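Predicted, not measured: the structure shown is a model, and the values here were computed from it.
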Amino acid sequence: MPNPHTSRRRFLAGLGATGTAALLSGCVTSTSSSKSSSDGAVTLQSNLSAPQAKAAMEDLVAAYGKKDAGDVSLNTVAAETFRTQLPTYLTSANPPDVYTWYPGSVADAYAKKDLLLGLDDLWGSTDLKRYSKALNTLCTSSSGKKVFVPATYYWWGMFYRKSNFAKWGVSEPKSWDDFLDLCDKLKSKGIPPIGLGAGGNTAWVASAWFDYLDIRINGAEYHRELLAGKHRFDDPEVRKVFDRWQEVLPYFDPNGTAGAFQDATTALLNGRSGMMLIGTFFADAAPKDALDDIDFFRFPIIDPKVPLAEEAPTDGYFASARTGRKDGVLDLLGYLATAEAQEIYIKGSSGTVLPCHPDAKDSGTPLVKKGRKHIEEAAEITQFFNRDSSDALQPTADTALTKFLAKPKEIGSILTDWQREAEKIWNA
């Protein structure tokens, strides 16, 4: 993987202005090696389907169109459909040209199959050459080629509505014991303390709980090594993660695996649950007038001796190696790397992401300022389960964690099965 042991200093150094962090369809079924046609507009396949994010992408494409640089056709696909179809898109006879997705090990997995366009020249001749060393590393494949253009990053945390916490007479916890006390208070008021949303097509949301418990108990380095196959899912260290998870399991919304995360975030915003471990992307589906009422706190510290780590995934773009519109693709990607483009996206969306360009301005809201500080205080940064492993490994987590949530007493056999399924991916 391109960045298996990134520290906070290496990851955040130079990522933002004045030293602050700024890192952070039709069916296609053929596996022919044919390239896409050189005729027509550059196709941009986007998984950003939440209302505000979709609108922001439309603004971005419109702004690029005004530069008379070339036509771009934006195709927005529901996020879960996009994830499952991405390998098919990339291996089709006539693939889309450019894609919204993730850098790091995820992009590297596709680069190893020669499915991504090399971007070395672009990184050496555009705004990208001013990006931080950490982003440079994150966007470099294991073969040493640049394959990704980063645009924004965001953070995960325990989100809640300030007005609801005030109404219920509760406040942010400072420790794991405080967190359990908070859950007790909410439950005593008849409020499901923790929303989840691991039903429907979003079982992956449960991976956030696995990630955070593992980095709080075993540390970020162990976590990344585990996802790379250097440890086993049935190791005693991993069992400790689930022992701790069982402490808080009674506080989860009993409908946590019945609906998708969008349903869970709606419940959170409507006061039908107390809080939720989620990324800031959920705000792209929130009413604009609710944004000032949204706040978060750090996932509670469990072992103070473990270096503080936070999840801060980076988003951006890669391109198909089979594009027949290379010049147009490179021009579009060069634009998407500019401060102008990233500010347009932030303005059009919920504004809860941070730009990767060192000169780009974020929304400047209290929530964003708190989020930036939250990331800067971390000693280690992780991305997310699939981003630190691969899209192929994510379904093994979805299966294991869904089983655990349904039958926590069977954790021994669940972890044995998880290890067996993971080995199939690692050994493929």
Quiz item: With no hydrogens and no angle check, is any side-chain donor or acceptor of Asp388 less than 3.5 Å from a backbone partner on Arg224?
Solution: no
Quiz item: Is any NZ, NE, NH1 or NH2 atom of the basic residue among Lys370 and Asp295 found under 4.0 Å from an Asp or Glu carboxylate oxygen of the other?
Solution: yes
Quiz item: What heavy-atom pair brings Thr314 and Pro150 nearest, and what distance separates the two atoms?
Solution: CG2-CB, 3.9 Å
Practice problem: Using distance alone, with no hydrogens and no angle criterion, decide if Ser142 and Asp108 have a side-chain donor and acceptor under 3.5 Å apart. | Solution: yes
Practice problem: Keeping the roles fixed (side chain from Thr402, backbone from Asp398), state whether a donor-acceptor pair exists under 3.5 Å. | Solution: yes
Quiz prompt | From CA spacing to verdict: side-chain contact (heavy atoms from CB on, under 4.5 Å), Met57, Gln52 | solution = CA-CA 9 Å; Met57 288 298 293; Gln52 293 183 54; over 6 Å; no
Practice problem: Would you check if Leu116 and Phe148 make a side-chain contact, meaning some heavy-atom pair closer than 4.5 Å? | Solution: no
Quiz item: Would a 4.5 Å heavy-atom cut-off, applied to side chains only, mark Leu60 and Tyr335 as touching?
Solution: yes
Exercise. Report yes or no: do Asp97 and Ser320 form a side-chain donor-acceptor pair below 3.5 Å?
Key: no
Quiz item: Between the side chain of Gln394 and the main-chain N/O of Asn386, is any donor-acceptor distance below 3.5 Å?
Solution: yes
Self-check item: Tyr89 side chain reached by Pro95 side chain, heavy atoms, under 4.5 Å
Solution: no
Exercise. Test Trp209 against every option in Phe252, Phe385, Phe404 by the ring-ring contact (aromatic ring centres under 6.0 Å, His included) rule and name the one that passes.
Key: Phe252
Exercise. For residues Tyr212 and Trp245, establish whether the separation of their ring centroids is below 6.0 Å.
Key: no
Quiz prompt | Side-chain heavy-atom pair Trp155, Ile381 within 4.5 angstrom cut-off | solution = no
Quiz item: Could you give the distance from CD (Glu311) to CZ (Arg387), rounded to the nearest 0.5 Å?
Solution: 9.5 Å
Quiz prompt | Heavy-atom side-chain proximity of Glu410 to Lys403 below 4.5 angstrom | solution = no
Exercise. Over all heavy atoms of both residues, which pair between Leu291 and Ser350 is shortest? Give the atoms and the distance, please.
Key: CD1-O, 3.7 Å
Quiz item: Can you check whether Phe242 and Phe210 have ring centres sitting under 6.0 Å from each other?
Solution: yes
Quiz item: Taking 4.0 angstrom as the limit, do Glu380 and Arg216 come out as a salt bridge?
Solution: no
Practice problem: Verify, without hydrogens or angle tests, whether Glu237 (side chain) and His231 (backbone) share a donor-acceptor contact under 3.5 angstrom. | Solution: no
Quiz item: Any sub-3.5 Å donor-acceptor pair from Thr323's side-chain atoms to Ala319's backbone N or O?
Solution: no
Quiz item: For Lys162, does the NZ atom have more than 12 heavy-atom neighbours from other residues, nucleotides or ligands under 6.0 Å away?
Solution: yes
Quiz item: Do NZ/NE/NH1/NH2 and the carboxylate oxygens of Glu80 and Arg83 come within less than 4.0 Å?
Solution: yes
Quiz item: Using the ring of each side chain (for Trp, its six-membered ring), is His357 parallel, tilted or perpendicular to Tyr131, with breaks at 30° and 60°?
Solution: perpendicular
Quiz prompt | Shortest non-hydrogen contact from Ser390 toward Ser105 | solution = N-OG, 4.4 Å
Quiz item: If you measure from CD1 on Ile344 to CG on Asp59, what distance do you get to the nearest 0.5 Å?
Solution: 7.5 Å
Quiz item: Would you find a donor on one side and an acceptor on the other, under 3.5 Å apart, between the side chain of Thr202 and the backbone of Ala198?
Solution: no
Quiz item: Are the side chain of Thr140 and the backbone of Lys145 linked by a donor-acceptor contact shorter than 3.5 Å?
Solution: no
Exercise. Apply salt bridge (charged side-chain N to carboxylate O under 4.0 Å, His left out) to the pair Asp243 and Arg239, showing each step before the final yes or no.
Key: CA-CA 6 Å; Asp243 290 343; Arg239 183 61 184 262; 3.6 Å; yes
Self-check item: Modelled atom types, side-chain donor and acceptor of Tyr154 and Asp315, under 3.5 Å
Solution: no
Self-check item: Residue pair Asn136 / Lys129, side-chain donor-acceptor N/O under 3.5 Å
Solution: no
Quiz item: Do Lys409 and Gln246 have a side chain donor and acceptor closer than 3.5 Å?
Solution: no
Quiz item: Using a distance-only test with no angle check, is there a side-chain donor-acceptor pair under 3.5 angstrom linking Asp211 and His223?
Solution: yes
Practice problem: Examine the side chains of Gln45 and Asn75 and answer whether a donor and an acceptor come within less than 3.5 Å of each other. | Solution: yes
Quiz prompt | Trp156: which of Phe282, Phe296, Phe281 passes ring-ring contact (aromatic ring centres under 6.0 Å, His included) | solution = Phe281
Quiz item: Is Phe318 close to Thr100 at the side-chain level, that is, under 4.5 Å between some pair of heavy atoms?
Solution: no
Quiz item: Can you find a heavy atom in the side chain of Leu119 that is under 4.5 Å from one in the side chain of Leu333?
Solution: yes
Self-check item: Distance-minimising heavy-atom pair for Ile215 and Val306
Solution: O-CG1, 3.3 Å
Quiz item: If you take all heavy atoms of Leu135 and Trp123, which pair is closest and at what distance?
Solution: O-CH2, 4.0 Å
Quiz item: Say you draw a straight line from CG of Leu128 to CG of Leu122; how long is it, rounded to the nearest 0.5 Å?
Solution: 5.0 Å
Quiz item: Take atom CG in Asn427; do more than 12 heavy atoms of anything else shown fall under 6.0 Å from it?
Solution: yes
Exercise. Measure the shortest side-chain to side-chain distance between Tyr110 and Leu90 over non-hydrogen atoms and say whether it is less than 4.5 angstrom.
Key: yes
Quiz item: Is a side-chain donor or acceptor of Arg130 paired with a backbone partner of Pro358 at a separation under 3.5 angstrom?
Solution: no
Exercise. Go through Glu377 and Arg298 one step at a time and tell me if the side-chain contact (heavy atoms from CB on, under 4.5 Å) criterion holds.
Key: CA-CA 11 Å; Glu377 289 174 346; Arg298 188 186 306 282; 2.7 Å; yes
Quiz item: Side chains of Trp101 and Asp391: donor-acceptor distance under 3.5 Å anywhere?
Solution: yes
Exercise. Apply the salt bridge (Lys or Arg N to Asp or Glu O under 4.0 Å) test between Arg161 and each candidate in Asp293, Asp289, Asp292; give the one that qualifies.
Key: Asp293
Self-check item: From CA spacing to verdict: side-chain contact (heavy atoms from CB on, under 4.5 Å), Tyr64, Asp331
Solution: CA-CA 10 Å; Tyr64 178 71; Asp331 191 77; 2.5 Å; yes
Self-check item: Thr382 side chain vs Ala220 backbone, donor-acceptor pair below 3.5 Å
Solution: no
Quiz item: When rounded to the nearest 0.5 angstrom, what distance separates CZ in Phe82 from CD in Gln85?
Solution: 10.5 Å
Quiz item: For Ala53 and Asp284, which heavy atoms make the closest approach, and how far apart are they?
Solution: CB-OD2, 3.7 Å
Practice problem: List the steps, then state whether side-chain contact (heavy atoms from CB on, under 4.5 Å) holds for Thr152 with Leu354. | Solution: CA-CA 5 Å; Thr152 57; Leu354 296 160; over 6 Å; no
Exercise. Only counting residues at least two apart or in another chain, list the ones meeting salt bridge (charged side-chain N to carboxylate O under 4.0 Å, His left out) with Lys240.
Key: none
Practice problem: Give, for atom CZ of Phe299 and atom CD of Glu310, the distance between the pair rounded to the nearest 0.5 Å. | Solution: 10.0 Å
Quiz item: Are the side chain of Asp362 and the backbone N or O of Gly364 linked by a donor-acceptor pair below 3.5 Å?
Solution: yes
Quiz item: Taking atom CG of Asp127 and atom SG of Cys356, what is their separation to the nearest 0.5 Å?
Solution: 12.5 Å
